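Note that this is a predicted model, so its numbers are computed, not measured. All values below come from the heavy atoms of this structure, side chains included, with hydrogens, waters and symmetry mates left out. Labels below follow one simple rule: chain letters A, B, ... track the order of the sequence lines, proteins then strands, and each chain is numbered from 1.
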Number of protein chains: 2
Amino acid sequence: MYHDIAKDIIKNILSKKYEDKLPTETALMKSYHASRNTIRKAIDLVFAHGLLRRVQGSGYYIIERPVKSKKVLNMSIGFDQTAMVDGGPLKSKVVVFDKIKANQELAKQGRVDLNSELYRIWRLRYLQGKLYDLEEAYYPTSVVPYLPAESVEHSIFAFIRKEYHLKGSTTENYIQLTKLAKKEANLLKVNEGKSVLSLAGINYLKNGIVFNFSRTYFVYPDLVLYYHTMNIDSD
Amino acid sequence: MYHDIAKDIIKNILSKKYEDKLPTETALMKSYHASRNTIRKAIDLVFAHGLLRRVQGSGYYIIERPVKSKKVLNMSIGFDQTAMVDGGPLKSKVVVFDKIKANQELAKQGRVDLNSELYRIWRLRYLQGKLYDLEEAYYPTSVVPYLPAESVEHSIFAFIRKEYHLKGSTTENYIQLTKLAKKEANLLKVNEGKSVLSLAGINYLKNGIVFNFSRTYFVYPDLVLYYHTMNIDSD
DNA sequence: ATTGATTTGTTCGTATGTATC
DNA sequence: GGATACATACGAACAAATCAA
């Protein structure tokens with residue numbers, strides 16, 4: 001229930017339903033018919049998604065993303081929603097879609113068994129017609145036995161959630177500077193060896209099983225990745 | 001109080017006091033003499049720092065950072081602790097330490113007023129003798145009126161916390177690929193125009209005031225930035 | 001400058017649900 | 001099926017910071 005409240009609040013923030021702060025906790029309690037603890041758990045989630053600054057005695061302030069000229073990708077927001085970039089949804093073009101066996105490298109990358117079967121989906125993605133990234137995604141068939149070609153064109157996560165009732169829980173993310181190999185460079189139509197930002201992600205179900213892992217190469221100019229941390233104060 | 005518990009648990013994790021999982025909630029309740037809610041709040045914090053995977057009915061599993069060959073920097077952990085890199089503490093060499101007035105660019109970068117006074121501290125940092133990064137940090141003197149030269153050599157955050165009792169709360173972080181300007185390239189002894197990972201951070205106090213902002217250029221080879229997100233499941 | 005009301009932060013207790021073992 | 005362990009939700013009380021009269 002607090003998940004739904006959080007989701008609704010996030011929706012309201014993104015569609016600018018609130019001026020600059022959230023309503024007070026008491027107001028939220030009334031509008032969602034929930035206890036204070038539940039409201040606060042929901043707000044914790046929204047906060048963890050990097051959308052709020054909280055000030056005791058004052059309120060919850062919405063963090064307005066600055067940086068006009070540049071595209072900002074909020075990494076604190078859930079992995080399944082990274083497709084929601086500022087300038088609108090990403091359009092994708094599937095370049096590889098098949099089943100393979102995990103080799104040593106993939107097994108290590110995705111924490112899966114060697115030779116286990118994987119769906120492989122590589123997609124070029126575009127933002128407002130401009131090439132944005134190349135996403136190399138893998139899904140163990142032990143968890144996702146069937147993936148229709150249609151779903152691959154759109155949101156694979158949405159399909160999986162709907163069809164298999166698999167709820168994602170956490171994602172480990174690794175960002176690094178990568179020199180593009182020939183294959184990736186060709187697909188992205190840039191020079192081999194060019195340095196780009198890449199993001200490797202591993203998605204775990206609530207029970208700790210990997211249901212997806214991927215590597216994404218970003219080529220969109222001046223892209224900025226945003227995230228949000230909280231510090232532990234003591235003494 | 002749950003902050004302290006969280007801090008202690010994190011310390012235990014990093015010093016490998018727990019095999020692969022945390023003790024159960026009941027066990028933690030006993031050892032810290034706290035209620036279940038308090039323990040869970042502490043665990044929420046540890047979790048947010050990217051150190052745990054939680055499995056209902058089973059337990060809290062410690063995420064073992066893989067990747068042996070590469071240096072992994074955990075960005076989910078608080079900003080003041082990013083200096084705690086795997087291979088030991090960073091040693092820093094101060095290259096600039098003075099007071100300046102915020103120009104347009106800095107004011108925008110740090111969300112501070114134009115012409116407001118700032119401490120400026122630039123440091124080259126080394127990991128095991130090898131150049132790691134260049135950190136360009138700024139502290140508004142309105143918040144931090146005095147910064148002794150000694151503190152700048154070590155942990156500035158520790159000094160500030162001790163001296164001014166300022167507790168940090170949240171940090172906004174922005175990662176991007178940057179082409180080095182001449183000044184930075186010279187300090188880092190690399191070619192001008194070279195692309196490196198850079199991290200811009202803005203640190204807010206609990207009351208929403210910026211007490212520090214910085215930009216860090218990483219040059220350590222094959223550095224990997226790690227972070228951790230949780231997804232909102234609904235329906 | 002003080003007071004009082006508002007608003008968020010922390011902690012406890014309790015009950016019930018759900019996944020794992 | 002039973003025990004264990006984590007997840008969700010409500011209620012209540014007090015602390016601490018902010019804000020307005």
Side-chain angles (χ1 to χ4, degrees), chain A residues 1-7 9 18-48 51-62 164-170 204-209 211 230-235, chain B residues 1-7 9 18-48 52-62 165-170 204-209 211 230-235:
Chain A
M1 174 184 185
Y2 71 89
H3 287 108
D4 300 295
I5 297 176
K7 212 171 180 181
I9 293 176
Y18 310 120
E19 302 283 321
D20 56 337
K21 338 173 22 177
L22 293 196
T24 65
E25 292 179 353
T26 351
L28 292 169
M29 284 165 69
K30 280 173 193 159
S31 57
Y32 290 108
H33 303 290
S35 74
R36 182 157 175 238
N37 281 332
T38 304
I39 294 297
R40 284 180 64 82
K41 284 225 69 170
I43 292 175
D44 283 345
L45 264 185
V46 180
F47 176 79
L51 302 174
L52 296 179
R53 223 172 33 236
R54 24 188 4 161
V55 182
Q56 181 178 165
S58 178
Y60 300 106
Y61 295 86
I62 296 166
Y164 295 111
H165 300 289
L166 303 182
K167 295 183 179 180
S169 60
T170 60
Y204 292 87
L205 297 176
K206 285 201 296 188
N207 60 9
I209 293 177
F211 81 97
M230 50 185 150
N231 305 309
I232 297 185
D233 321 310
S234 65
D235 54 56
Chain B
M1 176 184 185
Y2 71 89
H3 288 108
D4 301 292
I5 298 176
K7 213 171 179 182
I9 293 176
Y18 301 125
E19 305 283 323
D20 57 336
K21 2 179 350 190
L22 292 196
T24 64
E25 292 179 353
T26 352
L28 292 169
M29 285 166 69
K30 280 172 193 159
S31 55
Y32 290 107
H33 304 290
S35 75
R36 180 149 179 246
N37 280 334
T38 304
I39 294 296
R40 283 181 65 80
K41 283 225 71 172
I43 292 175
D44 282 346
L45 264 185
V46 181
F47 177 79
L52 296 179
R53 225 171 33 235
R54 23 188 6 159
V55 182
Q56 180 177 165
S58 177
Y60 300 108
Y61 294 87
I62 296 166
H165 299 290
L166 302 181
K167 295 182 178 180
S169 60
T170 60
Y204 293 87
L205 297 175
K206 285 200 296 186
N207 60 9
I209 292 177
F211 79 97
M230 49 184 153
N231 304 308
I232 297 185
D233 322 310
S234 65
D235 53 55

[N] [atom2] sits how many Å from [X] [atom1], rounded?
X         : N       : atom1 : atom2 : result
Tyr61(B)  : dA5(D)  : OH    : C1'   : 10 Å
Arg53(A)  : dA17(D) : CZ    : P     : 18 Å
Met29(A)  : dT7(C)  : CE    : P     : 12 Å
Lys41(A)  : dG11(D) : NZ    : C1'   : 17 Å
Asp44(B)  : dT10(C) : CG    : C1'   : 14 Å
Asn207(B) : dC19(D) : CG    : C1'   : 14 Å
Ile39(B)  : dC6(D)  : CD1   : C1'   : 14 Å
Arg40(A)  : dG9(C)  : CZ    : C1'   : 5 Å

Inset, instruction - Grab the two heavy atoms, one from Ala6(A) and one from Ala42(A), that are nearest each other, plus how far apart they are. - result: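 Looking at all heavy atoms of both residues, the closest pair is CB-O, 3.6 Å.
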Inset, instruction - For residues Glu25(A) and Ile43(A), report the shortest heavy-atom separation together with the two atoms involved. - result: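 So the minimum-distance heavy-atom pair works out to CG-CD1, 4.5 Å.
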Among [options], which nucleotide sits nearest the side chain of [X]?
X        : options                   : result
Asn37(A) : dG17(C), dC21(C), dG11(D) : dG11(D)
Thr24(A) : dT10(C), dT8(C), dT20(C)  : dT8(C)
Tyr60(A) : dC10(D), dT8(C), dT8(D)   : dT8(C)
Glu25(B) : dC6(D), dC10(D), dT11(C)  : dC6(D)
Tyr2(B)  : dC10(D), dT10(C), dC6(D)  : dT10(C)

Inset, instruction - Answer yes or no: does a side-chain N or O of His3(A) lie under 4.0 Å from OP1 or OP2 of dT8(D)? - result: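 Checking His3(A) against dT8(D): at least one side-chain N or O falls below 4.0 Å of OP1 or OP2.
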Inset, instruction - Indicate whether OP1 or OP2 belonging to dT10(C) is found under 4.0 Å from a side-chain N or O atom of Thr38(B). - result: no
Inset, instruction - For the residue pair Met230(A) and Leu45(B), establish whether any side-chain heavy-atom pair is separated by less than 4.5 Å. - result: yes
Legend entry - Sugar-phosphate only, base, or nothing, as touched by Arg36(B) at under 4.0 Å among non-hydrogen atoms: base
Inset, instruction - Would you kindly compare Met1(A) and Ser58(A) by the position of their nearest DNA chain D nucleotide and give the one closer to the 5′ end? - result: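 Per heavy-atom nearest nucleotide, the more 5' residue is Met1(A).
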Legend entry - Geometric cation-pi criterion Arg54(B) and Tyr61(B), 6.0 Å radius, 45° cone: no
Legend entry - Cationic tip of Arg53(A) above Tyr60(A) ring, under 6.0 Å, 45° of axis: no
Inset, instruction - Would you kindly compare Thr26(A) and Gly57(B) by the position of their nearest DNA chain C nucleotide and give the one closer to the 5′ end? - result: Thr26(A)
